[in-house]
> 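One structure, pasted below without further comment.
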There are 2 protein chains.
Amino acid sequence: MSLTHAPAGAVRQGSLRELNLALVLGRIATADRPPSRADLATATGLTRATVSAVVEDLLAGRLVSESDPAPRSGAGRPARGLVLADQGPAGLGLEVNVDYLAVCVVDLAGQVRHRTVHRADLRPVPPADALALLVEMAGAAREDAAGHGLTLVGAALAVPGLVDDAGLVRLAPNLGWRDVPVPALLAAHPPLIEQVPGVPALVVDNEANLAALGELHSQPPGPSSFLHISGEVGIGAGIVLDGALFRGVRGWSGEIGHLPVHPEGRPCRCGGQGCLEQYAGQEAIVAAAGLARAELPADTATARLAELAEAGDADALRALHDAGTALGVAVASVVNLLDLDTVVLGGGYAALAPWLCPPVLAEIDARVLTAAWSPVTVRPSTLGAEAAAVGAAGSVARRIVAQPAGWLARSG
Amino acid sequence: MSLTHAPAGAVRQGSLRELNLALVLGRIATADRPPSRADLATATGLTRATVSAVVEDLLAGRLVSESDPAPRSGAGRPARGLVLADQGPAGLGLEVNVDYLAVCVVDLAGQVRHRTVHRADLRPVPPADALALLVEMAGAAREDAAGHGLTLVGAALAVPGLVDDAGLVRLAPNLGWRDVPVPALLAAHPPLIEQVPGVPALVVDNEANLAALGELHSQPPGPSSFLHISGEVGIGAGIVLDGALFRGVRGWSGEIGHLPVHPEGRPCRCGGQGCLEQYAGQEAIVAAAGLARAELPADTATARLAELAEAGDADALRALHDAGTALGVAVASVVNLLDLDTVVLGGGYAALAPWLCPPVLAEIDARVLTAAWSPVTVRPSTLGAEAAAVGAAGSVARRIVAQPAGWLARSG
DNA sequence: GCTATTTGTTCAGCGATTGAATTATTTGCC
DNA sequence: GGCAAATAATTCAATCGCTGAACAAATAGC
């Protein structure tokens with residue numbers, strides 16, 4: 001589950017080419033216009049000769065293709081622009097959540113090429129059955145992707161809970177899962193992906209982490225360090241530092257829902273007191289707004305809240321303001337600690353951002369020592385509802401871009 | 001101020017050797033016994049031939065030396081052990097604090113080879129005068145170091161405040177500094193260090209950050225991710241993730257002293273309410289213990305508290321317990337967020353650790369969701385009082401180990 | 001004294017980058 | 001239309017550094 005994109009180990013002769021393949025491909029991926037070989041040479045510091053050789057490898061491996069010439073004014077031989085191939089390797093993203101299953105396919109460029117969502121209450125469904133359904137959806141996704149010339153090289157599964165290094169779901173409270181051995185359960189089904197060196201066949205991770213990765217790789221590119229908060233029934237956060245997700249010593253970082261915002265306040269099911277989740281979790285907001293939980297399916301609760309707030313309902317507005325204040329206290333802690341300048345509200349919070357942002361910002365201004373010199377941006381996520389599935393698939397595709405040598409060794 | 005120890009840029013022909021020099025030297029630095037060339041080959045994955053060539057460069061540059069043969073049982077040609085040289089490059093560490101100035105010199109192996117402390121109340125002293133005094137002490141340190149065959153290749157200055165990328169001290173509240181241009185003030189004095197490519201002549205950083213780096217590089221090596229808390233008049237934290245200090249977007253991470261532990265509690269001079277500093281800062285503990293601030297010099301306050309607690313003074317014990325509980329709430333937030341498994345209490349907290357640790361651990365157990373699966377260690381710092389100065393000097397020496405090519409290019 | 005064993009060095013070979021020269025292709029100007 | 005200037009991309013000998021195997025060095029055990 002740890003993603004080290006620094007070589008760190010022995011630097012052999014061949015590592016040199018591997019590193020430069022990744023360097024050039026990464027540059028092509030992040031450029032805002034299709035760069036020419038000459039552009040890449042000046043941007044990377046390599047010579048044109050080397051760049052040509054590297055690009056030749058990438059073209060042969062079908063990781064990049066030549067686009068229409070980049071519009072450039074002036075004399076000289078016209079450049080040939082290089083873009084990430086829209087065929088070739090792609091990532092499979094899977095998501096199990098409380099009220100839906102989602103599957104998607106993302107290509108090298110980060111484009112979502114396939115998307116399926118199956119809405120259902122998954123709480124009464126045994127984990128093995130839920131995963132079987134997901135595999136069935138993934139099979140159809142693979143067929144569709146193959147039709148577009150895409151090969152699935154890895155899969156990532158997002159779950160709303162704690163996952164350990166081996167992919168064991170220790171605890172997914174809102175889903176009712178405990179100690180579910182996901183890799184073993186999925187191994188019972190025929191494989192959907194083609195193994196590529198350097199790309200794990202299956203990664204299982206927290207949905208908040210994967211949603212944050214999705215935000216990191218979304219277009220247009222945003223900051224490389226930020227906090228992404230997924231506000232669902234539970235509240236999770238993905239912490240992106242210097243362009244990499246920070247997972248913590250055991251991969252359990254981001255439990256922002258259990259930051260104490262009122263240390264002597266309401267007891268929480270985690271055993272603590274006054275956790276953020278008790279004041280800004282979906283159930284807490286719904287209850288504070290005077291809505292009966294029973295009459296609302298989970299997937300419409302935030303929509304209903306947004307409707308009421310839009311209409312000026314006083315109870316809803318007050319509930320959202322209080323929740324935003326509690327969230328702001330927690331966010332202020334994070335900003336004081338990590339000195340981040342961007343906070344993204346995702347999941348259910350995205351739709352409620354117009355009412356949550358002002359109190360969050362107010363708390364930040366009041367409580368963050370450095371706010372005077374460095375304004376903090378709080379904004380809703382740009383990805384849609386199944387952000388974690390998109391982020392999961394994108395994280396797989398991203399691995400190919402970060403380590404193209406494995407794919408190239410495969411396809412000759 | 002950002003230290004990227006991954007190449008990330010273009011990988012040229014010669015980068016290969018640079019990377020392997022760093023790889024081998026780093027291995028020598030972290031080995032618990034002097035390794036032979038053969039040991040290094042198996043440890044790094046390089047061939048013995050390559051390791052021999054690399055080691056030859058390191059020996060020629062006087063970064064390592066051959067030690068007495070490592071005791072090894074069995075047949076075969078005896079190995080020649082390699083150790084970091086006790087002569088050659090060294091780092092200069094400087095510290096300005098509220099009640100003392102400190103200067104030290106640390107060699108490649110992390111040994112403190114020189115140490116000077118000047119105790120005085122620095123609050124009434126103008127910054128320029130304080131720095132002039134520090135430079136004078138540093139001059140003597142350089143003479144002493146030169147007598148041991150050590151060359152100063154860079155300096156790092158620790159200050160108790162916020163520092164920006166250019167070395168400008170924006171705010172050091174307890175010292176009374178505001179917008180002090182340290183590099184410009186130091187440039188007025190003759191240079192003390194010999195410039196080496198890749199090593200900045202002067203780094204100015206927060207004392208909590210540098211103390212954390214000192215802890216990271218202390219012997220015996222500890223974990224590579226931890227939280228280091230410096231409890232002085234203010235409370236600062238250094239966050240070490242995966243062996244690297246995390247400085248935040250603007251270098252202002254670690255302001256744990258302003259985490260809200262009682263959101264509607266006592267007003268804080270930062271403008272917020274209920275900040276940790278108001279409950280666990282030195283002044284708060286002293287006041288809660290019923291000691292008059294005026295009759296205590298700042299540098300003896302913690303010693304006096306420890307004395308009283310040792311003697312069983314009820315007021316002192318209660319004050320420490322309450323401070324520890326507040327600290328525990330903040331630490332629980334950090335652990336929930338970052339999933340760290342080690343917390344180091346440094347600065348004034350080190351001496352008070354016997355009384356602070358129990359309540360801190362109690363709050364962690366109660367509030368951290370994952371505490372059941374992953375015990376968190378809370379322990380006092382192993383470094384002494386001037387930890388920041390030692391960490392500062394060590395961070396300079398460490399740069400040579402991480403990037404030896406610059407030094408080698410210099411000395412031919 | 002001989003063998004087994006391990007360490008460290010030497011050397012031809014090779015892969016990858018380098019830098020200069022060369023070719024390719026277009027714009028602008030007369 | 002033709003020519004010079006300009007920019008892009010390729011070719012090729014030279015060079016740098018790693019590799020693998022053979023070899024020399026040094027010791028323990030029998």
> Applying side-chain hydrogen bond (donor to acceptor under 3.5 Å, both in side chains), name anything that partners D86(A), two or more places apart in sequence or on another chain.
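Testing D86(A) for side-chain hydrogen bond (donor to acceptor under 3.5 Å, both in side chains), a comparison that skips the adjacent residues, returns none.
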
> According to salt bridge (Lys or Arg N to Asp or Glu O under 4.0 Å), who are the partners of E194(A), at least two apart in sequence or on a separate chain?
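Only R410(A) meet the salt bridge (Lys or Arg N to Asp or Glu O under 4.0 Å) criterion with E194(A).
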
> Not counting sequence neighbours, which residues clear side chain to side chain contact (heavy atoms under 4.5 Å, CB included) with V54(A)? List them please.
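Counting only residues at least two positions away or on another chain, V54(A) forms a side chain to side chain contact (heavy atoms under 4.5 Å, CB included) with R17(A), N20(A), L21(A), V24(A), T50(A), L58(A).
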
> Does T47(A) have a side-chain nitrogen or oxygen under 4.0 Å from the phosphate oxygens OP1 or OP2 of dT17(C)?
no

> Whole Å only: how far is the CZ atom of R48(A) from the C1' atom of dA9(D)?
8 Å

> Is there a side-chain contact between R37(B) and the phosphate of dT9(C), meaning an N or O under 4.0 Å from OP1 or OP2?
yes

> For D57(B) and dC16(D), what is the distance between atoms CG and C1' respectively, to the nearest whole Å?
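Between C1' of dC16(D) and CG of D57(B): 13 Å.
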
> Taking atom P of dA16(C) as reference, at what distance in whole Å does atom CD of E56(A) sit?
13 Å

> Describe the nucleic acid contact of A38(A) in one word from base, sugar-phosphate, nothing, applying a heavy-atom distance below 4.0 Å.
sugar-phosphate

> How many whole angstroms separate atom CD of E66(A) from atom P of dT25(C)?
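Those two atoms, CD and P, are 13 Å apart.
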
> Measure CG/L21(A) against P/dG15(C) and give the value in whole Å, please.
16 Å

> From dT18(C), dA16(C), dG8(C), pick the nucleotide closest to the side chain of A79(B)?
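Of all the options, the side chain of A79(B) is nearest to dG8(C).
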
> Does OP1 or OP2 of dT7(D) have a side-chain N or O of S36(A) closer than 4.0 Å?
no

> Send over the distance from R80(B) CZ to dT6(C) P, rounded to a whole Å.
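Atom CZ in R80(B) sits about 18 Å away from atom P in dT6(C).
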
> Would you say a side-chain N or O of S52(A) is under 4.0 Å from OP1 or OP2 of dT10(D)?
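Looking at the OP1 and OP2 atoms of dT10(D), one of them is under 4.0 Å from a side-chain N or O of S52(A).
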
> Just the rounded figure in Å: distance from P of dG17(D) to CD of E18(B).
10 Å

> Could you pull out all residues at least two apart from R113(A) that satisfy salt bridge (Lys or Arg N to Asp or Glu O under 4.0 Å)?
D107(A)

> Write down the distance between CG (L408(B)) and P (dG17(D)), rounded to a whole number of angstrom.
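Result: 12 Å.
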
> Considering just the side-chain nitrogens and oxygens of T50(A), establish if one lies under 4.0 Å of OP1 or OP2 belonging to dA16(C).
no

> Applying side chain to side chain contact (heavy atoms under 4.5 Å, CB included), name anything that partners V396(A), two or more places apart in sequence or on another chain.
V153(A), A156(A), V199(A)

> Would you tabulate the pairs of protein nitrogen or oxygen atoms and nucleotide nitrogen or oxygen atoms of nucleotides 27-30 of chain D closer than 3.5 angstrom?
| unit_1 | atom_1 | unit_2 | atom_2 | d |
| --- | --- | --- | --- | --- |
| dT27(D) | O2 | G76(B) | N | 3.2 |

> Counting just side-chain N and O atoms, does R17(B) come under 4.0 Å of either OP1 or OP2 of dC16(D)?
no

> S36(A) side chain to G81(A) main-chain N or O, any donor-acceptor pair under 3.5 Å?
no

> So, using salt bridge (Lys or Arg N to Asp or Glu O under 4.0 Å) as the criterion, who are the partners of D39(B) when residues are at least two apart?
none

> Please determine whether salt bridge (Lys or Arg N to Asp or Glu O under 4.0 Å) holds for the pair E66(B) and R37(B), giving the CA-CA distance in whole Å, both sets of side-chain angles, and the decisive distance to 0.1 Å.
CA-CA 11 Å; E66(B) 294 190 325; R37(B) 291 167 175 77; 2.9 Å; yes

> Would you please test L59(B) and V55(B) for side chain to side chain contact (heavy atoms under 4.5 Å, CB included) and show each step?
CA-CA 6 Å; L59(B) 285 170; V55(B) 167; 3.9 Å; yes

> Give each protein N/O atom lying under 3.5 Å from an N/O atom of nucleotides 1-4 of chain D, with the pair distance.
none

> Going by side-chain hydrogen bond (donor to acceptor under 3.5 Å, both in side chains), name the residues that satisfy it together with R250(B), two or more places apart in sequence or in a different chain.
none

> Side-chain N or O of N20(B) versus OP1/OP2 of dG17(D): is the shortest distance under 4.0 Å?
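No, outside the criterion.
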
